[in-house]
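We name chains A, B, ... by the order of the sequence lines, and we start the count at 1 in each one.
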Amino acid sequence: MKTITKLWASAAICGAMLTGMAQADPHPTAELIIEGELHLATRAEPPEHLGGALPEIYSGWLFRTDETRELQMDDFDNPGILFTERGLDRWEMADGATEQSCADCHGDVESMAGVRAVMPKVNEDGELWALQNYINNCRTERMEADAWGWRSEPMKDMTSLISLQSRGMPVAVHMDGDHAPFWEQGREMYYTRFGQLELSCANCHEDNWGRMIRADHLSQGMSNGFPTYRLKNASIVPLHQRFLGCIRDTRGETFAEGSPEFIALELYVASRGLGLPIEGVSVRQ
Amino acid sequence: MTRRSLTAACTVSAVLWASAASAEIAPADVVWEDEIAIPASLSGAPGDPDAGRIALSSRSVGNCLSCHVNSDMPEHDFHGDVAPPLDGTGARWSEAELRGIVANAKRAFPGSMMPVFYNDNPADYIRPGNAYTGRAYDPETFSTLLSAQEIEDIVAYLVTLTEW
C-alpha cells in the first residue's frame, strides 16, 4: 500500500512538472518565409493515421534557435544552397560510359518538381526505393557510371538539388496499395525500443517533443526538411544518417544507411508529416 | 613489520577483498521486495555519496542529467526535463526503493523511458549494440550500464536529496 501511495504522489509531481514546461515548446508564432516571398507552412493538422498521437504537426524548424531559423529564411545564408549549386553543375555534367548527363534525358532540373515529395516510392519491381536509389539506378543503368555512396558529396549535392525542386510542395508519400507493407514495417520500427537503452523513435519524438534531453530540444522528428544542412556536421545530412545516429545512441546495433529497413522507416516518418511542405534544403542545429 | 606479519596482513586483506567481491549480487540474482525495491547492497559494500554525485552527473557514467533536473547541481548546465526532477527523491523514496529504481525503473514505472541500469543479459534487448559504436554487441564485453558499486554510490547520493 505504501508503495502504491508513493507512486501516485510521484505521478502527481510529474503532472505538476508537465504543466510548467511551456518554455521548451515549439516557437508559437514564427513563420518560415524564404527570401521574403515563399511562405512555407510549419504547422499543420496531423494526418488521420496518427489517431490523435500529436495535437498538431510541426516542422523541426520551429524547435530551433532564432539564429538557426533565420539562416533558412535567406538562400544566401543557407549553406545547403551551395550543395544545390554544385548539384546543378553535376546535373549538366556528362559521366559514365555513355557520356550522358542527367540533363540529356531529363532536360531542365525543374522537371524534377514533385519527385522529392513522393519519396520513398515503390519502383516497377515492387521494391521501396529512396531518392538515392533512383539516382543510382540512373547512373549505373543509363549512364553506365559508378553508383554514388549514400553519404558521398555528389549524392548530397544531387539530392539537395532535386529536393529544392519540390520546395513548398506538400509531402505526398503513398501509404496504401504496394506501399502498405513497407509503411507497416516502418511503423513497427518507429515504436520499437531498440538497444540497451530501450528507446524508440516515439519515446522522444511522439511522447516528449518540446522537452529537453540535456541541451537537445526534442522535435517531432519530421523529415520534410531533409536533406538538411546540419550546423553541427557542417554539411548536408541525409535522413538515414540521422536514423543511424539515433539507433547507435540507444546503444543499439544500427541498420545500414540505404538498407530496406531504413527506407521503410523513411516512408513511415514521411507519412507522419503529411500536410507539411518539403522545405528543400533546411538548416538545423 | 616482520615479513611474517606482512604476509599475514596481505592474506587478511586478500580474504577481505575476496569476500567483498563474492558479496556482489549479479543482476539475475537480485532479490526484490514489493516488486520495486532492493533491500540489500548490490556490491555488498556501502555507497559513497561523493562518488555517487560524480557518477550521477558524469555523461560517461550515469548521465542522469540528460533527463532529470537536479537543483543540487547548478554547476552543470542543461539539465533535461523528460523525467521527474531529482529534487526530494531522498524524502519520497527509501534507500531500497531508490536502489530498485536505479537498477530497473521499469518495475516501479512500467513502460518507463528510463533505461535499466542493472541488467547484463543481451537477450532482454532488441538489437543490443557494442556500447555506442552502432555495431552488434560483443558477448564477451556486454555488461550492465552501471556497476553494482556505481549504483550504490548513486543511491547513497540520492538519499541525501531531501529538499524540494
Report summary line: Looking only at B:R135, B:R59, B:M114, the option with the highest number of non-hydrogen pairs under 4.5 Å against chain A is B:R59
**Report entry** Region of B:F117 that comes under 4.5 Å of a non-hydrogen atom in chain A
**Finding:** neither
**Report entry** Winner by heavy-atom pair count (cut-off under 4.5 Å) against chain B, out of A:A215, A:S200, A:G245
**Finding:** A:A215
Query - B:R127 to A:F255, cation-pi by 6.0 Å centre distance and 45° axis angle - result: yes
Report task. Supply the atom-to-atom distance A:R214 CZ to B:C67 SG, rounded to the nearest 0.5 angstrom. Result -> 10.0 Å
Report task. Name the option with the most non-hydrogen atom pairs under 4.5 Å to chain A; the candidates are B:P115, B:P122, B:P128, B:G134. Result -> B:G134
Query raised in the report: Who among A:E198, A:Q196, A:R193, A:R248 has the most heavy-atom pairs with chain B under 4.5 Å?
Result: A:Q196
Query raised in the report: Checking B:T89 against chain A: side chain, backbone, both or neither under 4.5 Å from a heavy atom?
Result: neither
Query raised in the report: More than 12 non-hydrogen atoms from neighbouring residues, nucleotides or ligands closer than 6.0 Å to CD on A:E45, yes or no?
Result: no
Requested in this report: Please flag which part of B:N63 lies under 4.5 Å from any non-hydrogen atom of chain A: side chain, backbone, both or neither.
Outcome: side chain
**Report entry** A:L197 side chain reached by B:Y132 side chain, heavy atoms, under 4.5 Å
**Finding:** yes
Report summary line: Separation between OH (B:Y125) and CD (A:E253), nearest 0.5 Å, reads 16.0 Å
Requested in this report: Flag yes if more than 12 heavy atoms outside A:Y191 fall under 6.0 Å of its OH atom; otherwise flag no.
Outcome: yes
**Report entry** More than 12 heavy atoms of other groups within 6.0 Å of B:E140 CD
**Finding:** no
Report summary line: When every non-hydrogen atom of A:N203 is compared with those of B:M113, the smallest separation belongs to O-SD, 3.8 Å
Query raised in the report: Of the backbone (N, CA, C, O) and the side chain (C-beta and beyond), which part of A:L199 lies under 4.5 Å from a heavy atom of chain B, both, or neither?
Result: side chain
Requested in this report: Tell me, yes or no, whether the heavy-atom count around A:E127 atom CD, taken from other residues, nucleotides or ligands under 6.0 Å, exceeds 12.
Outcome: yes
Query raised in the report: So, does B:D81 use its side chain to make a donor-acceptor pair with the main chain of A:R211 at under 3.5 Å?
Result: no
